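The structure appears below as C-alpha cells.
Letters A, B, ... mirror the listed sequences (proteins, then strands); counts begin at 1. Note that the coordinates shown come from a computational prediction; the quantities given were computed from them, not determined experimentally.
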Amino acid sequence: VLHVTRPLHTTQQSLAPLPPLPEKGGEVRHGLIPEEFFQFLYPKTGVTGPYMLGTGLLLYLLSKEIYVVNHETVAAACILSVIIYGVKKFGSDVAAFADKLNEEKVARALAVKNEAIKDLETAIEMEKKEQWRVEGRSYLFDAKRNNIAMLLETNYRERLLMVYNEVKKRLDYQVAMQNLKRQKEQDHMIQWVEKNVIQSITPQQQKESISKCILDLKALSKSAQAAV
Amino acid sequence: MAGRRAAVKAIDWVAFAERVPPNQRAMFNALKTRSDALSARLAALPEKPPTIDWAHYKAAVAKAGLVDEFQSKFSALKVPEPKDTQTAKIDAQEAEAAKSTAEYVQASKARIAQYEQQLQKLKSMIPFEQMTLEDLHDAFPETKLDKEKYPFWPHKPIADL
C-alpha cells in the first residue's frame, strides 16, 4: 500500500482515540527506493524511466570518477552481499518469531480481559438467581402455617374421638353389666331348681326308681343280644 | 362442627424445592418430612367420629334415665377447639423476613449495578492492538509503574517480575 498521510490536526475536531497505524509501511522497490518515485516518473518516462535514470547516473559517476573504485568498494560489496543474503534467507522467520512474541503478549492480555468479563457476567447471574430464590420465601411461611393448622385440626379431631369413645365405653359397660347380671340370675335359678328337684327325690322314690331301672334293664338284656 | 381453623393451603413442594439454596437443603428436608408426617396423621383420623346409636341403647339399658341423661349431656357437650398461639409468631417472622429480604434485594441490586458498570467499561475498551502503553495504564490502573515509590528500574519489587 502506498504511504497514507495521516490526517492529524487537519480540522478543529480532535481524533480520539487515534485511528490505528497502518499494518504495513510504504512500499519500496529493491528495498531502497519508494514506489512513489516510480509513480512520479511514470507519466513522462513510462516503466523503464527510473531504471534508465539510475543506470545513466551510475555510469556517469563511474566514468567521470566522481565515485572512485578502491578497496573500500570491494569491502562494501562483500559486506552488502552477505547482509542481503542473510536477510533474504532468514528475514521472514525472524519476523514471524517477533510477531509471535507480540501476539502472545496480546493474547494473554485478551484472555485476562475475557475472563474478567465472564466472571462479572456469572456474578450478575448469581445475584439475579439469589433474588429469585428469595422471592420464594412465602412458601416457607405457608408450610409453617399449614403445619400449625394440621396440628390443631389433628388435636381437635382426637378430642372428638376421645369423647365419643368414652361415652360409648360407659354405655357399653352398662349394657354388659345388665347382660352379665341377667346371665348370673339365670344360672343361679337353674341351679336352684335342679338342687330342689334333687332334694325332693325322697329315698323311697329313689328305691322305687332304681328297682324299676333294674327291671327295665333285665327286659332289655333279654331282647338284645350282645353284639361282638 | 363448622367454622373451624383456616383451611390447609396446597403447597407446591416441587417449586419450593427449586428455590432452596444447596446449603439449606437439610433444613428443607426436615421440614418436608415433618409436614408429611403431620398430614399422614391428619389423614388417618376421621373428620367426624361415628354417631352413637341412642335408640339401641335406650332399648338395651334397663336403667330408665341413664341413656336419656347421657344423650342430653352428649349433645350439649362442646369440645373446645385448641387455641392457635403460633400463627401470630409466624406472621411476625414473615414480616421480618420481608423486611430483611427487601434489604438484601437492595444490596444485591447495588452489587449488580456495580458489576454492570465494570462490564460496560471492559466491553467498551479499545482492542489491545490499537492501545498505547498510556491507554493500557488508563484501562488497567494496576499495570502502571509507580515511579515515585520505586524510582529505579524496574520500578517494582524484584519479586513481582
Output the distance between atom CG (B:Leu122) and atom NZ (A:Lys118), rounded to the nearest 0.5 Å.
13.5 Å
Greatest number of heavy atom pairs closer than 4.5 Å to chain A - which of B:Glu94, B:Gln114, B:Glu18, B:Lys32
B:Glu94
Within the supplied structure, the quantity of interest is the number of heavy atoms (other residues, nucleotides, ligands) at a distance under 6.0 Å from B:Lys89 NZ; does it exceed 12?
no
With the threshold set at 4.0 Å, does a side-chain nitrogen-carboxylate oxygen contact exist between A:Arg159 and B:Glu81?
no
CD (A:Glu104) with more than 12 external heavy atoms under 6.0 Å:
yes
Under 4.5 Å between any side-chain heavy atoms of A:Tyr164 and B:Thr51, yes or no?
no
Between A:Lys113 and B:Phe128, is any pair of side-chain heavy atoms under 4.5 Å apart?
yes
Chain A contact via B:Tyr57 - which portion, at a heavy-atom distance below 4.5 Å
side chain
Starting at CD1 of B:Ile90, measure out to CZ of A:Arg145 and round the result to the nearest 0.5 Å.
7.5 Å
Contact class of A:Lys128 relative to chain B, heavy atoms under 4.5 angstrom
both
Find the one option among A:Val106, A:Asn165, A:Leu110 whose heavy-atom pairs under 4.5 Å with chain B are most numerous.
A:Leu110
Other residues, nucleotides and ligands only: do more than 12 of their heavy atoms fall within 6.0 Å of CD on A:Glu115?
no
Rounded to the nearest 0.5 Å, how far does CG of A:Asn155 lie from CG of B:Leu42?
11.5 Å
In terms of heavy-atom pairs under 4.5 Å with chain B, the winner among A:Arg137, A:Met177, A:Lys129, A:Gln174 is A:Arg137
How about B:Tyr104 and A:Glu130: do any of their side-chain heavy atoms sit closer than 4.5 Å?
yes
Contact summary for B:Val20 and A:Arg133, nearest pair of heavy atoms:
O-NH1, 3.2 Å
Considering only heavy atoms from C-beta outward, does the side chain of A:Val163 approach that of B:Phe74 to under 4.5 Å?
yes
Under 4.5 Å from a heavy atom of chain B, the part of A:Asn102 involved
neither
Minimum heavy-atom separation for B:Lys109 to A:Gln131, with atom names?
CG-NE2, 3.5 Å
Would you indicate whether A:Tyr51, at its atom OH, is surrounded by more than 12 heavy atoms from other residues, nucleotides or ligands within a distance under 6.0 Å?
yes
Does A:Arg157 use its side chain to pair, donor to acceptor, with the backbone of B:Lys48 at less than 3.5 Å?
no
I'd like to verify something: which residue of B:Pro21, B:Ala97, B:Ala15, B:Ala98 has the highest number of heavy-atom pairs under 4.5 Å with chain A?
B:Pro21
Could you check which of B:Glu129, B:Arg34, B:Met125 has the highest count of heavy-atom pairs closer than 4.5 Å to chain A?
B:Met125
Interface check, chain B: of A:Leu161, A:Val175, A:Ile117, most non-hydrogen pairs under 4.5 Å belong to A:Ile117
Might you point out which heavy atoms bring A:Glu121 and B:Leu119 nearest each other, and give the distance in Å?
CG-CD2, 3.8 Å
May I ask you to test the A:Met150-B:Ser39 pair for a side-chain heavy-atom distance under 4.5 Å?
yes
Between A:Phe141 and B:Asp91, is there a side-chain heavy-atom distance shorter than 4.5 Å?
no
Would you mind reporting whether A:Leu171 and B:Trp54 have side-chain heavy atoms less than 4.5 Å apart?
yes
Rounded to the nearest 0.5 angstrom, the CD1-CG distance for B:Ile11 and A:Asn147 is 7.5 Å
For chain B, find which of A:Val134, A:Asp119, A:Val112 contributes the most heavy-atom pairs closer than 4.5 angstrom.
A:Val134
Atom CG in B:Leu31, atom NZ in A:Lys144: separation rounded to 0.5 Å?
8.0 Å
Of all heavy-atom pairs linking A:Leu160 and B:Glu47, the shortest is CD1-O, 4.3 Å
With a 4.5 angstrom heavy-atom cut-off, could you sort out which part of A:Glu103 is near chain B: side chain, backbone, both or neither?
neither
With the threshold set at 4.0 Å, does a side-chain nitrogen-carboxylate oxygen contact exist between B:Arg41 and A:Glu158?
yes
Heavy-atom neighbours of B:Glu134 CD exceed 12 at 6.0 Å:
no
Contact origin within B:Lys73 toward chain A - heavy atom pairs under 4.5 Å:
neither
Could you pull out the closest heavy-atom pair between B:Ser35 and A:Ala143, with the gap in Å?
OG-O, 4.5 Å
Contact between B:Tyr115 and A:Glu127 at the side-chain level, heavy atoms closer than 4.5 Å - yes or no?
yes
At what distance, to the nearest 0.5 angstrom, does CG of A:Leu140 lie from CZ of B:Phe28?
10.0 Å
By a 4.5 Å heavy-atom criterion (distance strictly below it), what part of A:Gln178 contacts chain B: side chain, backbone, both, or neither?
side chain
Under 4.5 Å from any heavy atom of chain A - which part of B:Gln93:
both
Within a reach of under 6.0 Å around CD of A:Gln205, are more than 12 heavy atoms found that belong to other residues, nucleotides or ligands?
yes
With a 4.5 angstrom heavy-atom cut-off, is it the side chain or the backbone of B:Phe70 that approaches chain A, or both, or neither?
side chain
At a heavy-atom separation under 4.5 Å, does B:Pro127 approach chain A through its side chain, its backbone, both, or neither?
neither
Neighbour count >12 (heavy atoms, 6.0 Å) for atom CZ, A:Arg182:
no
